[in-house]
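Each chain gets a letter, A, B and so on, in the order the sequences are listed, and its residues count up from 1. Keep in mind the model is a prediction, meaning the values are calculated, not measured.
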Amino acid sequence: MPITSHVAQALCAALEYAPERAGEVAQALTAPPSPALGDFAFPCFALAKQLRMAPPKIAAECAARVRPDALIARAVAAGPYVNIFLERAEATRRVLGAIAADPLRWGSRNEGGGQVVVLDFSAPNIAKPFHFGHLRSTNIGADLARIFSFMGYRVVRKNYLGDWGTQFGFVIYAWQKWGDTAELQARAIDYLVELYVRAYRESEADPAVREQARHLFLRLEQGDPQIAALWQQFRELSLAGFMQTYERLGIAFDSYEGEAAVNHLVDTVIGRFVKAGVAEESQGALVVQVSAVLGREIAPLMLRKSDGASTYAARDCAEAIDRWERYGFSANIYVVSRQEDHFAQLFAALTRLAAAEQWDSHWPATCENVSFGYVRGMSTRKGEAVWLEDVLDEARDRARRVREEKSAANPRAFPVLSEAELAYVSESVGQAALLYFDVSSRRLSDVSFDWDTVLQFEGNTGPYLQYSHARMCGIFRRAAAEGLGDFDVRAVVACLADEEWALVLALRAFPAAVAAACAGREPHEVARYLYELASAFNAFYNKHTVIDRADPATSHARLALVRAAQVTLGNGLKLLGIRPLETM
RNA sequence: GCGCCUGUAGCUCAACGGACAGAGCACCGGCCUUCUAAGCCGGGGGUUGCAGGUUCGAUUCCUGCCAGGCGCGCCA
């Protein structure tokens, strides 16, 4: 039985509650502000009214009635709180036992039971730069995908590429005017972006360019074979460029089908909206009114423009319906920033269609938009973006320099690495800095791009977590060298010191942190947790020596504790797409 | 004008409605002949934008202001 439930039941008994109320008591349990006060705290405020007694008095009486057992050492009243102290050794045995039982699954739950969650993220626009801002959707989405998967959901990773729209008119316009085949072969996506930016700039000075681009896109929509061939070629080149970045980051999608792939469904879906009486004509365009559904004044969702062309919103509708038919998801999550109104309109329009056509499933209610803060300090349209690949390169190079400096200052502490190992470590550390930076604040807060902040390697950073992991691994290497390689992973220090106990408590909190991250669609929860875990480990590491030849029993027990910490940190880092390193 | 989001230490950010609002960076002072000092320990630093309300208790929930960001039918 989980420790929290055990404590809750003991409190239930003390309060003369029915055992069924243990869940509600467990919900009320918190951690005291200081570990010296206890391991669990039960606030008595809520009881004051029904018992007509002052909270401190309730706490005192309750504490006196809590019966110590194998797990509970004692209960102490502190003002209005009942503070519970655990038997450290017994609690540690349980925590280490749970971790050792299935290390790779430690922290996971089967909450999802195989239900499908569709995660739509990254979704870069073809022929536009893949800049640092795209890292947010890509990273948050990839993290959520791993977290949902860890929680027992079947995850469909969907990269709904922006591969259709007037921007292609710009690229094709530029290609026809300045296009150079040799350049295209040599520089691929970089060159395409350059062309797009050049055409876009020209259109700012000359509106006629925009008209030409629009016209070229219209020809593409009408199936002009020459234009379609160009589109096909540009799409493939762009995707190949994106794929390099995804592979570098270790991210793969189940589908790379973009807007173009749903084009053939759009007319049918629009027809359904019309037939169901949900769509109406307005100012020459075809729209769906959604103000009534949303309970506020909001512009309608436009399905067709006055010139007859379908909109991206119509494609989104068609795509969502197609998505449901294919996957039968229990949740459909769009990791997209700054489109709250669009998604509100989209889900509302689908809700109206569902009602009008009397669908069996109310799946539009399971659609949600996971938004995130804006990355300041960059512009995309004018081509002043900071390219993600450049940031990754700079991060990697800086990681390498830092290691060189540190190893030069303290050669004995750093193992000699081969060139391949050094390259791997540098790349991994650089990525860790970037990826962790992205989840070091809650997703909705805006972040400003700043090289020195983003590429920080000390303090609350990704490299700090990797460093902690590498330290743990260093201990195991040393243990093997000392002939202590085969230790019992469930061994427990007889009388745990405060730092050891703090580490155990941190380990215990891992599953709850992952669950909270999943429920709140907030990878930051995992990041925050891992920093606390690493801090607890480093405090322990600096205070205590794990390997002591004179004391093999303590060495075994501490090795078991470090193993549990390494498993937990490793699992957590993997959820964030950060590589746990064995050496740095 | 309407909508969404955000205001917390000099900077970047935390804090299930709970005890004294915490970290990192920067600054100051300590700790490497022993498992990686990308680390650890300590110090200074705050009217949580403002004013009300709900509550035993509000950084957290509600209302109104103030400030900032983003969006608001023919771009996607």
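In B/G73 the base sits syn relative to the sugar, since the glycosidic angle is no further than 90° from 0. A glycosidic torsion no more than 90° from 0 defines the syn conformation; B/C61 lies beyond that range and is anti.
The CG atom of A/Asn369 sits 12 Å away from the C1' atom of B/C5 (whole-angstrom rounding). Rounded to whole angstrom, the span from the CZ atom of A/Phe42 across to the P atom of B/A19 amounts to 16 Å.
Annotation: the span from A/His544 atom NE2 to A/Ile547 atom CD1 amounts to 15.0 Å, rounded to 0.5 Å.
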Which pairs, protein N/O on one side and nucleotides 11-17 of chain B N/O on the other, fall under 3.5 Å?
residue : atom : partner  : partner atom : Å
B/C13   : OP1  : A/Asp446 : O            : 2.8
B/C13   : O2'  : A/Ser440 : O            : 3.4
B/A14   : OP1  : A/Arg442 : N            : 2.5
B/A14   : OP1  : A/Arg442 : NE           : 3.2
B/A14   : OP1  : A/Ser445 : OG           : 3.4
B/A14   : OP2  : A/Arg442 : NH2          : 3.4

Tabulated below should be each protein N or O lying under 3.5 Å from an N or O of nucleotides 55-63 of chain B; please produce it.
residue : atom : partner : partner atom : Å
B/C56   : OP1  : A/Lys49 : NZ           : 3.1

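A/Gly162 comes within 4.0 angstrom of nothing in the nucleic acid, heavy atoms only. Residue A/Asn83 is in base contact, counting any heavy-atom pair closer than 4.0 Å across all strands shown. A/Pro32 comes within 4.0 angstrom of a nucleotide base, judged by non-hydrogen atoms across all strands. Heavy atoms of A/Gln466 sit nowhere under 4.0 angstrom from any nucleic acid atom.
Nucleotides B/C31 and B/G69 are separated by 44 Å at their C1' atoms, to the nearest Å. If you take atom P in B/C65 and the same atom in B/C70, they sit 22 Å apart, rounded to whole Å. When the C1' atom is compared between B/A9 and B/A15, the two are found 15 Å apart, to the nearest whole Å. Remark: the separation of the P atoms in B/U63 and B/C4 is 10 Å, to the nearest Å. B/A21 and B/G46 have their P atoms separated by 12 Å, with the value rounded to a whole Å. Rounded to whole Å, the separation between the C1' atoms of B/G10 and B/C72 comes to 37 Å. Between B/U47 and B/C62, the distance separating the two C1' atoms is 22 Å to the nearest Å.
Of all nucleotides listed (B/C74, B/A76, B/A19), B/A76 comes nearest to the side chain of A/Gln339.
Residue pairs that meet the side chain to side chain donor-acceptor pair (under 3.5 Å) test with at least one member in residues 472-486 of chain A, sequence neighbours left out, are A/Arg478-A/Glu482, A/Glu482-A/Arg549. Listed by first and then second residue, the salt bridge (Lys or Arg N to Asp or Glu O under 4.0 Å) pairs involving residues 29-52 of chain A amount to none (not counting sequence neighbours). Identified under the side chain to side chain donor-acceptor pair (under 3.5 Å) test for residues 526-537 of chain A, with sequence neighbours left out: A/Glu525-A/Arg528.
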Please output the side-chain donor-acceptor pairs of residues 296-307 of chain A that fall under 3.5 Å, not counting sequence neighbours, one pair per line with the distance.
residue  : atom : partner  : partner atom : Å
A/Arg304 : NH1  : A/Gly308 : O            : 3.1
A/Arg304 : NH2  : A/Asp267 : OD1          : 3.2
A/Asp307 : OD1  : A/Ala309 : N            : 2.9

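Scanning all heavy atoms of the two residues, the minimum distance from A/Asp438 to A/Leu135 falls at OD2-O, 3.4 Å.
Annotation: salt bridge (Lys or Arg N to Asp or Glu O under 4.0 Å) contacts of A/Arg443 (sequence neighbours excluded): none. In this structure, the salt bridge (Lys or Arg N to Asp or Glu O under 4.0 Å) partners of A/Asp446, at least two apart in sequence or on a different chain, are A/Arg376. Residues passing the salt bridge (Lys or Arg N to Asp or Glu O under 4.0 Å) test with A/Glu394 are A/Arg398, A/Arg401, sequence neighbours excluded. Residues satisfying the salt bridge (Lys or Arg N to Asp or Glu O under 4.0 Å) test with A/Glu458, not counting sequence neighbours, are A/Lys406.
A salt bridge links A/Arg235 to A/Asp163: at least one charged side-chain nitrogen sits closer than 4.0 Å to a carboxylate oxygen.
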The dot-bracket string of RNA chain B, counting Watson-Crick and G-U wobble pairs with both distances under 3.5 Å, using [ ] for crossing pairs and | for pairs to another strand, is (((((((..((((....[...)))).(((((.......))))).....(((((..]....))))))))))))....
Once base and sugar-phosphate atoms are separated, protein heavy atoms under 4.0 Å mark nucleotides 28-38 of chain B, 5' to 3', with B, S and - as -----SSBBSB
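A distance-only check finds a donor-acceptor pair linking the side chain of A/Ser426 to the backbone of A/Leu422 [under 3.5 Å]. A donor-acceptor pair under 3.5 Å links the side-chain atoms of A/His524 to the main chain of A/Val439, judged by distance alone.
When ring centroids are compared, A/Tyr173 and A/Tyr196 stay outside the 6.0 Å threshold.
Look at A/Thr166 and you'll find a side-chain N or O under 4.0 angstrom from OP1 or OP2 of B/A76.
Remark: A/Arg563 qualifies as a cation-pi partner of A/Phe476 under the 6.0 Å distance and 45° angle criteria applied to the six-membered ring.
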